[in-house]
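Quick note: numbers below take in every heavy atom, side chains included, and nothing from hydrogens, waters or symmetry partners. Below, read A as the first sequence line, B as the second, and so on, with proteins coming before strands; counting in each chain starts at 1.
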Protein chains: 2
Amino acid sequence: MEIEKEAITSLDVARRAGVSQSAVSRAFTPGASIAADKRERIIAAAEELGYRPNPLARSLLRGRSNIVGVGVGYLTNPFFTQTLQLLSDALDGAGLRLMLFPAQGSTRPEPSIHEILHYRIDALVLLSVSPSSTLTEQCRRAQVPVIHYNRTTPAQDASCVVGDNETGARAIAAHLLAGRHRRFAFMAGTADSSTNAQREAGFTEYLAERGAPAPIREDGAFDFDTAMAATRRLLLRKDRPEAIFCANDTMALAAITVARHEFGLDVGREISIAGYDDVPMAAWPGFSLTSYSQPAAFMVAETLRLILSLRTDADRHEQVVAQGSLVVRGSTRPVGA
Amino acid sequence: MEIEKEAITSLDVARRAGVSQSAVSRAFTPGASIAADKRERIIAAAEELGYRPNPLARSLLRGRSNIVGVGVGYLTNPFFTQTLQLLSDALDGAGLRLMLFPAQGSTRPEPSIHEILHYRIDALVLLSVSPSSTLTEQCRRAQVPVIHYNRTTPAQDASCVVGDNETGARAIAAHLLAGRHRRFAFMAGTADSSTNAQREAGFTEYLAERGAPAPIREDGAFDFDTAMAATRRLLLRKDRPEAIFCANDTMALAAITVARHEFGLDVGREISIAGYDDVPMAAWPGFSLTSYSQPAAFMVAETLRLILSLRTDADRHEQVVAQGSLVVRGSTRPVGA
DNA sequence: CTGAAAGCGCTAACAT
DNA sequence: ATGTTAGCGCTTTCAG
């Protein structure tokens, strides 16, 4: 064991391998022109010394840090958790670092985003965070591509990766309609969310097209507790809805819980409840929630592709819309019943 | 709006404020000796230009990056999710950045950790990751303090923040014993986890002390699906256990699901099931899971305290043991029933 | 208290 | 293909 050693630098490796310091740099740069045998000798010397190029110094010079900033609002939603896990693995596999920061899910400009931007990050990924124009503007100026995940921007002036919410919501509507329900309800997520808006539009429009009555609306804010309260209000109505479509699974799980445990309803027979996202819990026998599956793995893969492609030109932007699929389980009345 | 501007540097601010570049640096360094009015003038100029010191350059020189590496195994466990959320907020509040990397929850040395270490991170936090001696050694050499969260190291040669698992498991055992159960089972988490070992020891020892029979043991690997299978094995036995203590809540939720939906058991009357962690879902009416609560907020606060204190001397280490509390709900038979 | 100057560790011209 | 040189943007002596 060596005694208390300061970090080894490329110069140490250079001396050891008997070459110039810049040769060491080249040995660690994929496209650089250097003799194969010399490179091997340098790599060998580096291994012995336990050397790795200092990413900080490298970033300072290159103007890019190999770091991707990831902003996330509420980690409590399993859909985001799953996404974060996938994204974490994907970035790691691509040799990119993931810098996580809390984005509160709100519109107001977050100071942390500001700070993150100074790390000369390769890209900024926002998971279900409502877009803010000031943030978008700042990133544009800093030449940092922004990728909205699970959100679209009003002006479509930024890149995003989203599911086809309208189609999904229409599929849910069609399924509920096929179950011969009359009174429908929609439990909304947060109002400023494009995701919620699209799901609501798809659901409402499909019902209207088929001549069904407009759904009752309650606000569940994408949150379990809020959704429980909203469900109570729905189920206490004289014209109690027969089918509830919740804008995400978290709220649907809350609705099932309240319907079953507080109102003693047989979910799937006396009332139908459907969600969106198809989180792992939806498949648990205790819930058996009908939902619309978002292809998380595909969406994350697309996000990575965008990161790699946009870091060369941040001004370009691209919208990716992923197709999902309806997953019918026991929480909705069977078709034709 | 300016035209396509390169990032502004301290020199730009210096020129604008009519001072030297080093004055700008001092204005942004808390302890530096600079006249108050000059500092204000510089700060004003910086605001106008939208200047912030480049953290990359700063880190390169200071040898510390203000980044904390956080390694996490499985984000699917809500307890870790909650912790990550809290930690993310805490670090952000302290002006520290959080670099997330997948640690696979395994013992083998991860290449990403290697890479992260070169960012001259202030500390490495490992969430429920089994300690590896090679990793510990590497961090020691790099003078990076390691903090194990929810794990202890065998040799106690590193810092950690853990709950008092033995006490918690004993409290669960006492509670189940008070419910007049005869046949007990313990559903274990992953074998190499100190957390699991301590919970198992506390549970088993308490039962032994009271003259109760040793619990049947099944392996649930801290995982929902694995725990479902393990529960089936338990409930198919001739000597079916009357009370099951699961080493974490995820497994307990699986046990409840199987007991209720596959075996038609009335959980809390015909069988008692208890968990550990007291995740939010434990309180859902559909589960009403008796659990032992880990004080996540306190543990994260302590983690932050350790980070701040250890970054000046990485050689020191400290063990923090947090006290939790028993949360009795409906999944276990009431005491005296 | 303040400015000039010397690097932190590395990459990217520029010469050879 | 390789070594030399000039910085990336900042902090920190060192003089004054």
Practice task
Consider only side-chain N and O atoms of A/Ser309 and A/Arg316, and report whether a donor and an acceptor are under 3.5 Å apart.
Solution key: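 Yes, because at least one side-chain N or O of A/Ser309 sits under 3.5 Å from a partner of the opposite role on A/Arg316.
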Worksheet item: How would you list, by chain and number, every residue that makes a salt bridge (charged side-chain N to carboxylate O under 4.0 Å, His left out) with B/Arg16, sequence neighbours excluded?
Response: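 Salt bridge (charged side-chain N to carboxylate O under 4.0 Å, His left out) check on B/Arg16 returns B/Glu48.
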* **Partner residues of A/Glu40 under the salt bridge (charged side-chain N to carboxylate O under 4.0 Å, His left out) criterion, sequence neighbours left out** =>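 Partners of A/Glu40 by the salt bridge (charged side-chain N to carboxylate O under 4.0 Å, His left out) criterion come out as none, since no residue qualifies.
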Whole angstroms only, please: what is the [atom1]-[atom2] distance between [X] and [N]?
{"X": "B/Arg41", "N": "C/dC1", "atom1": "CZ", "atom2": "C1'", "value": "13 Å"}
{"X": "B/Asn66", "N": "D/dG9", "atom1": "CG", "atom2": "P", "value": "20 Å"}
{"X": "B/Asp12", "N": "D/dC8", "atom1": "CG", "atom2": "P", "value": "11 Å"}
{"X": "B/Arg64", "N": "D/dC10", "atom1": "CZ", "atom2": "P", "value": "19 Å"}
{"X": "B/Arg39", "N": "C/dT2", "atom1": "CZ", "atom2": "P", "value": "10 Å"}

Original post:
What pairs with A/Arg311 under side-chain contact (heavy atoms from CB on, under 4.5 Å), at least two apart in sequence or on another chain?
Top reply: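 A/Arg311: side-chain contact (heavy atoms from CB on, under 4.5 Å) contacts with A/Arg64, A/Asn66, A/Leu96, A/Asp122, A/Leu308.
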Can you list the residues that meet the side-chain contact (heavy atoms from CB on, under 4.5 Å) rule with A/Ser20, with sequence neighbours excluded?
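Applying side-chain contact (heavy atoms from CB on, under 4.5 Å) to A/Ser20 gives A/Ser22, A/Ala23.
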In degrees, rounded to 10°, what is the bend between the two ends of the helix from C/dC1-D/dG16 to C/dT16-D/dA1, using five pairs at each?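 Computed angle between terminal axes is 40°.
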(message) If you compare every side-chain N and O of B/Lys38 against the phosphate oxygens of C/dC1 (OP1, OP2), does one of them come in below 4.0 Å?
(response)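 No, because none of the side-chain N or O atoms of B/Lys38 sits under 4.0 Å from OP1 or OP2 of C/dC1.
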Reading nucleotides 7-16 of chain C from 5' to 3' and marking B where a protein heavy atom lies under 4.0 Å of the base, S where only the sugar-phosphate is that close, and - otherwise, the string is BBBBBBB---
Between B/Phe28 and B/Tyr51, does the ring centre distance come in under 6.0 Å?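 Between B/Tyr51 and B/Phe28, which both carry aromatic rings, the centre distance is below 6.0 Å.
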Where B/Pro131 and B/His148 come nearest, the two heavy atoms and their spacing: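 So the minimum-distance heavy-atom pair works out to CB-CE1, 3.3 Å.
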### Main-chain N/O of B/Arg151 paired to B/Ser194 side chain as donor or acceptor, under 3.5 Å
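Side chain of B/Ser194 to backbone of B/Arg151: no pair is present.
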